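A quick note: this is a predicted structure, and the numbers were derived from the prediction, not measured. So you know, we letter chains A, B, ... as the sequences are listed, proteins then strands, and number each from 1.
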Amino acid sequence: EDQVTQSPEALRLQEGESSSLNCSYTVSGLRGLFWYRQDPGKGPEFLFTLYSAGEEKEKERLKATLTKKESFLHITAPKPEDSATYLCAVQTGGGNKLTFGTGTQLKVEL
Amino acid sequence: DTEVTQTPKHLVMGMTNKKSLKCEQHMGHRAMYWYKQKAKKPPELMFVYSYEKLSINESVPSRFSPECPNSSLLNLHLHALQPEDSALYLCASSPLTAIAKNIQYFGAGTRLSVL
């Protein structure tokens, strides 16, 4: 059975304090790894998809990387508006199912 | 534009009511999804429609009945729900084309409360 584990569960940063969120996975046949951002009471917002080990994607203050066992979401010089829950999800097999991790709740303070 | 529109935003229903949730996208996506999300938990897949046909049903109770009338529209019919069914119901869609085929785009959700 596919397993996705995210750490830490919660993270509190000061504005400008860079850090990384981790998503480790145990799956058979990874087709893609996805990062989403979710604000309270809203639907997940797509950030990145990574398909193979060594791949990296960047968008503003966020950078996602992928190895054969885990993915990192690096946040450089975060701002309060980066506060949200960050979800990692994997897609395996022949269908379109996403298996989500439990998320990291990030709070960035002034 | 990657917009998935869900209505209503909020719904309160009794256990004997029948109601429907609606989801619409005009991006030409050929897969559509229903997810259920409880507070502080990740989304859980309920149903997947590919090319308007039900392709995945994650053993969801029959009080939830999905319908895909056309490639742009997805409904979730609700009947005789239980209080534990209270949750945020999310709809998503994905292109199924060669490039970026797997990316799922989510709507804002319907917050459902069952009394």
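Comment: A:D2 does not engage A:K97 in a salt bridge, judged by the lack of any side-chain N to carboxylate O separation of less than 4.0 angstrom.
Counting heavy atoms from C-beta outward, B:M27 and B:V4 have side chains that approach closer than 4.5 Å. Counting heavy atoms from C-beta outward, B:C91 and B:M32 have side chains that approach closer than 4.5 Å. The side-chain heavy atoms of B:Y89 and B:M46, taken from C-beta on, include a pair separated by under 4.5 Å. A:V4 has its side chain out of reach of A:S24: every pair of non-hydrogen atoms, C-beta onward, lies at least 4.5 Å apart. B:P69 has its side chain within reach of B:N75: a pair of non-hydrogen atoms, C-beta onward, lies under 4.5 Å apart.
Other residues, nucleotides and ligands place no more than 12 heavy atoms under 6.0 Å from the NZ atom of B:K18. Summarising the local packing, CD of B:E44 is surrounded by 12 or fewer heavy atoms from other residues, nucleotides or ligands at distances under 6.0 Å.
Each of B:S55, B:C68, B:S71 was checked for a side-chain contact (heavy atoms from CB on, under 4.5 Å) with B:Y49, and the lone residue meeting it is B:C68.
Remark: the B:H77 side chain and the B:S20 side chain contain an N/O donor-acceptor pair separated by less than 3.5 Å. In summary, the side chains of A:T99 and A:Y25 do not present any donor paired with an acceptor at a separation below 3.5 Å, with no hydrogens or angles considered.
Side-chain atoms of A:K59 do not come within 3.5 Å of backbone N or O of A:A64 as any donor-acceptor pair. Of the possible polar contacts, none joining the A:K63 side chain to the A:E56 backbone as a donor-acceptor pair under 3.5 Å is found.
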Check your understanding: When you look at A:T5 and A:S7, which way does the side-chain contact (heavy atoms from CB on, under 4.5 Å) test go after all the steps?
Key -> CA-CA 7 Å; A:T5 304; A:S7 61; 5.7 Å; no
| said: Go through it in stages, so that I can follow the logic: the residues are B:W34 and B:C23, the test is side-chain contact (heavy atoms from CB on, under 4.5 Å), and I'd like the CA-CA distance, side-chain angles, deciding distance and then a yes or no. | reply: CA-CA 9 Å; B:W34 280 116; B:C23 175; 3.9 Å; yes
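The contact list for residues 35-44 of chain A toward chain B, using heavy atoms and a distance under 4.5 Å, reads A:Y36, A:Q38, A:G41, A:K42, A:G43, A:P44 by residue number. The interface of residues 8-18 of chain A with chain B, defined by heavy-atom distances below 4.5 Å, is empty. Scanning residues 107-115 of chain B against chain A with a 4.5 Å non-hydrogen threshold yields B:G107, B:A108, B:R111, sorted by number. Residues from residues 100-109 of chain A that place a non-hydrogen atom less than 4.5 Å from a non-hydrogen atom of chain B comprise A:F100, A:G101, A:T102, A:Q105, given in numerical order.
Of the two parts of B:Q104, the backbone and the side chain both hold a non-hydrogen atom closer than 4.5 Å to a non-hydrogen atom of chain A. No part of B:Q6 comes within reach of chain A, as not one of its non-hydrogen atoms sits under 4.5 angstrom from that chain.
One finds the CZ atom of B:R30 at 9.0 Å from the OG atom of B:S72 (value rounded to the nearest 0.5 Å).
Aromatic ring centres of B:F47 and B:F64: separated by at least 6.0 Å.
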